[in-house]
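Here is the structure we will look at.
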Amino acid sequence: MKKCLMLLFCLLLLGSAAFAAEFTMSFGGGFEFFGDWTTATTQFDADITMPPIPFPVTATTKSDQTITDLNYGGYLFFDATYVQLNVSFYGGSTSLESENNTYVSGNKVDSNTTPFDKTTSSMSIGLLGKYPFELNKFTLFPMIGVSYQIFFSGAYGDDYAKNSIETKASDFNSLWFNVGGGVNYALTEKIFINFEALYGFKLMPTEYDKNSDDFIEGKDNGKRTSGWVNTFTARLGVGYRFK
């Protein structure tokens with residue numbers, strides 16, 4: 001985490017040095033929604049007993065896992081024309097559902113769905129590069145950057161641990177890449193409304209991802225066959241321009 005925060009700070013300094021002569025400064029905050037949707041497919045082999053066959057047979061279990069992570073809260077931002085630093089604080093909920101299908105010789109012999117839920121609290125620190133275009137009272141700007149989400153609470157409970165995957169809140173800390181845009185609408189010379197929308201994806205696996213992969217790969221022919229994470233951020237707030 002310290003390395004990620006240092007990277008964000010260094011990028012802010014570099015951006016500030018590049019455009020120092022043209023800076024206008026502003027700060028503000030408001031409401032933020034952040035959601036991410038994860039899908040993953042895994043499979044492994046195991047011996048099972050299947051009546052009326054009196055001896056174990058090799059079966060393949062294929063699991064389709066979906067995770068929906070919804071976060072609501074507020075954000076603060078400091079804007080220096082071409083660079084924006086933002087800090088967000090969330091409360092949220094995460095639901096995980098795993099559909100498990102067992103196959104013997106290509107035929108499905110068993111199927112079950114396992115749900116898990118948790119509530120979370122977290123914060124996010126982000127750095128975005130931006131390029132503004134002035135249009136009367138509107139300022140439009142594309143944005144690109146990174147953010148690091150830090151979890152304070154939220155771990156799957158005892159039922160999940162029964163599957164040999166124990167979790168703690170920090171296992172879900174995530175580094176995200178974000179791209180999108182925003183618009184400011186000037187109410188007065190100093191005060192403006194801020195709206196931003198960003199799409200993103202995870203830059204590297206979390207500790208939870210690594211532990212889940214280790215659990216699957218520890219089984220016969222265990223592997224992750226596919227996976228994807230999509231994120232969306234929406235912010236609406238008020239800013240004050242002081243330079």
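None of these values were measured; they are calculated from a predicted model. The residues of the chain are indexed from 1 along the displayed sequence.
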Problem - Test log, rule side-chain hydrogen bond (donor to acceptor under 3.5 Å, both in side chains), inputs Ser212 and Asp209 - result: CA-CA 5 Å; Ser212 296; Asp209 297 328; 5.8 Å; no
Problem - Check against side chain to side chain contact (heavy atoms under 4.5 Å, CB included), Met143 and Leu198 - result: CA-CA 8 Å; Met143 312 178 79; Leu198 300 166; 4.2 Å; yes
Practice task
Report the C-alpha separation of Asn221 and Phe44 in whole Å, then their side-chain angles, then the decisive distance to 0.1 Å, and conclude whether the side chain to side chain contact (heavy atoms under 4.5 Å, CB included) test is met.
Solution key: CA-CA 5 Å; Asn221 295 318; Phe44 61 87; 6.0 Å; no
Handout entry: Derivation and outcome, side chain to side chain contact (heavy atoms under 4.5 Å, CB included), residues Thr38 and Asp69
Key = CA-CA 8 Å; Thr38 302; Asp69 190 3; over 6 Å; no
Practice task
Show your reasoning for whether side-chain hydrogen bond (donor to acceptor under 3.5 Å, both in side chains) applies to Thr60 and Gln43.
Solution key: CA-CA 7 Å; Thr60 299; Gln43 68 179 56; 5.7 Å; no
Practice task
Would you check, one step at a time, whether the test side chain to side chain contact (heavy atoms under 4.5 Å, CB included) holds for Tyr208 with Thr167?
Solution key: CA-CA 7 Å; Tyr208 168 79; Thr167 65; 4.0 Å; yes
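Side chains of Asn100 and Ser98: a donor on one and an acceptor on the other come within 3.5 Å. Thr39 and Thr66 form no side-chain donor-acceptor contact under 3.5 Å, judged by distance and modelled atom types alone.
Heavy-atom contacts from other residues, nucleotides or ligands closer than 6.0 Å to NZ of Lys223 number 12 or fewer.
Figure legend: cation-pi geometry between Lys130 and Phe77 absent, as NZ or CZ is not positioned both under 6.0 Å from the six-membered ring centre and within 45° of its axis.
Counting heavy atoms from C-beta on, the side chains of Tyr103 and Asn101 come closer than 4.5 Å. Here the side chains of Phe89 and Ser121 are not in contact, with every heavy-atom distance at 4.5 Å or above. Using a 4.5 Å heavy-atom cutoff, the side chains of Thr233 and Glu196 are not in contact.
Minimum heavy-atom separation, Thr24 to Thr81: N-OG1, 2.6 Å. Closest non-hydrogen pair, Ala169 versus Ala155, comes out as N-CB, 4.1 Å. Heavy atoms only, all atoms of each residue included: Ser93 and Thr120 are closest at N-OG1, 4.0 Å. The nearest pair of heavy atoms linking Tyr75 to Arg235 is CE2-CB, 3.6 Å. Of all non-hydrogen atoms in Arg224 and Ala40, the two that sit nearest each other are NH1-CB, 3.0 Å. For the pair Gly200 and Asn178, the tightest heavy-atom approach, listed with the atom from each and the gap, is CA-OD1, 4.1 Å.
Not less than 6.0 angstrom separates the ring centroid of Phe78 from the ring centroid of Phe27. Aromatic pair Tyr131/Phe133: ring centres closer than 6.0 Å. Ring to ring, Phe192 and Tyr185 are not that close: their centroids are 6.0 angstrom or more apart.
The aromatic rings of Trp176 and Phe34 sit perpendicular to each other, their planes meeting at more than 60°, with 30° as the lower class boundary.
Between Asp171 and Lys168 there is a salt bridge, since at least one side-chain N of the basic residue sits less than 4.0 Å from a carboxylate O of the acidic one.
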